[in-house]
2 protein chains.
Amino acid sequence: MWDVRGEVLKRAVIEALGERTLRFSELRNEVEGVSHKMLTQNLRMLERNGLVDRKAHPTVPPRVEYTLTDPGRALRTVVDAICGWTHQHLGHIESARGRFGA
Amino acid sequence: MWDVRGEVLKRAVIEALGERTLRFSELRNEVEGVSHKMLTQNLRMLERNGLVDRKAHPTVPPRVEYTLTDPGRALRTVVDAICGWTHQHLGHIESARGRFGA
DNA sequence: CTGTATCCGGTTTGATACTG
DNA sequence: CAGTATCAAACCGGATACAG
């Protein structure tokens, strides 16, 4: 449940950012298991939708920082609600799976 | 955003069921645009995770009714939060898209 | 009516190589 | 370090046919 591709990754990014500002590579470490490509792709999407702010420093080597915008931070509430629900009902879900698989 | 495949459909099913009990065909009408296959597949998933209760009446023709379980109903709150957030920030998102695409 | 199985085309993804 | 381009493999969803 809710563990379907793209969405989970976006959620993970939002959770990872929280109130912080992170560089691309930091984000990549934070959200484990994500490929270079997917992270880029999803960050572009989040940026495009105005949920994430991208700040590139014209240095060498490059340094790019990502931060949640206001709407992005507002989304954290929703993400937290999802996490809360999951935490609260995980037991039920797992036992349901157990009965089903049996 | 959030409009990615499987998840939307599960949300739609949860919204459609609400407090009601619906038959397969009723659900199919309620969630428009969903294919026979996808609806079945997602209902199985929801059932497997204990979010939806499936009650089959051994009649001819068959009559199968779906209802949200307690965890399933609890999820409605989360779904509503998502809808609320979307409603609240849609303007911002669209203007962000506009700036980006330009 | 409800549900399963199969085939098939489009989409998505990870790996890899390359740029500034 | 951050990002793009390309390509084959895996995945997914719709259409269709069939069953109880």
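So you know, we letter chains A, B, ... as the sequences are listed, proteins then strands, and number each from 1. These numbers come from a predicted model, not from an experiment.
Here dT12(C) presents its P atom at 12 Å from CG of Asn42(A), a figure rounded to the nearest Å. Rounded to whole Å, atom P of dT12(C) lies 11 Å from atom NZ of Lys10(A). Whole-Å rounding puts the Leu43(B) CG to dC1(C) C1' distance at 14 Å. For the pair Glu65(A) CD and dC1(D) P, the interatomic distance rounds to 15 Å; values are reported in whole Å. When rounded to the nearest whole Å, the span between OH of Tyr66(A) and P of dC1(D) equals 15 Å. Nucleotide dG20(C) holds its C1' atom 18 Å from the CZ atom of Arg63(A), rounded to whole Å. A straight line from CE of Met45(A) to P of dG3(D) spans 16 Å, rounded to a whole angstrom. Taking atom CG of residue Asn29(A) and atom C1' of nucleotide dA2(D), one finds them 14 Å apart after rounding to whole Å.
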So Phe24(A) and Arg54(A), side-chain contact (heavy atoms from CB on, under 4.5 Å) or not? Walk me through it. CA-CA 10 Å; Phe24(A) 182 85; Arg54(A) 178 178 183 276; over 6 Å; no

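A donor-acceptor contact shorter than 3.5 Å is absent between the side chain of Arg76(B) and the backbone of Gly72(B). When atom types are taken as modelled, the side chain of Thr21(B) and the backbone of Glu65(B) share no donor-acceptor pair closer than 3.5 angstrom.
Here dG14(D) is the nucleotide among dG3(D), dC1(D), dG14(D) with the atom lying nearest to any side-chain atom of Ser35(B). Here the nucleotide nearest the side chain of Arg54(B), chosen from dG20(D), dG3(C), dC1(D), is dG3(C). The side chain of Met38(B) approaches dG13(D) more closely than any other nucleotide in the set dC1(D), dG13(D), dG3(D). Distances were taken from every side-chain heavy atom of Gln41(B) (C-beta onward) to each of dG13(D), dC1(D), dG3(C); the shortest belongs to dG13(D). The Phe24(B) side chain lies nearest to dT2(C) when the options are dT4(C), dC1(D), dT2(C). Residue Lys37(A) places its side chain closer to dC7(D) than to any other of dA2(D), dT2(C), dC7(D).
For the pair Gly33(A) and Pro62(A), nearest-nucleotide mapping onto DNA chain C gives the more 5' position to Gly33(A).
Look at Glu7(A) and Lys10(A) and you find a salt bridge, because one of the NZ, NE, NH1 or NH2 atoms lies within 4.0 Å of a carboxylate O, short of that distance.
Distances shown here put a side-chain N or O of Arg44(A) below 4.0 Å from the OP1 or OP2 atom of dT4(D). In terms of phosphate contacts, Arg23(B) brings a side-chain nitrogen or oxygen within less than 4.0 Å of OP1 or OP2 of dT2(C). The side chain of Ser25(A) contributes an N or O atom lying less than 4.0 Å from OP1 or OP2 of dA2(D).
For the pairing with Gln41(A), the side chain to side chain contact (heavy atoms under 4.5 Å, CB included) check across Arg44(A), Lys37(A), Met45(A) returns one residue only, Lys37(A).
A donor N or O paired with an acceptor N or O is not found under 3.5 Å between the base of dG14(D) and the side-chain atoms of His36(B).
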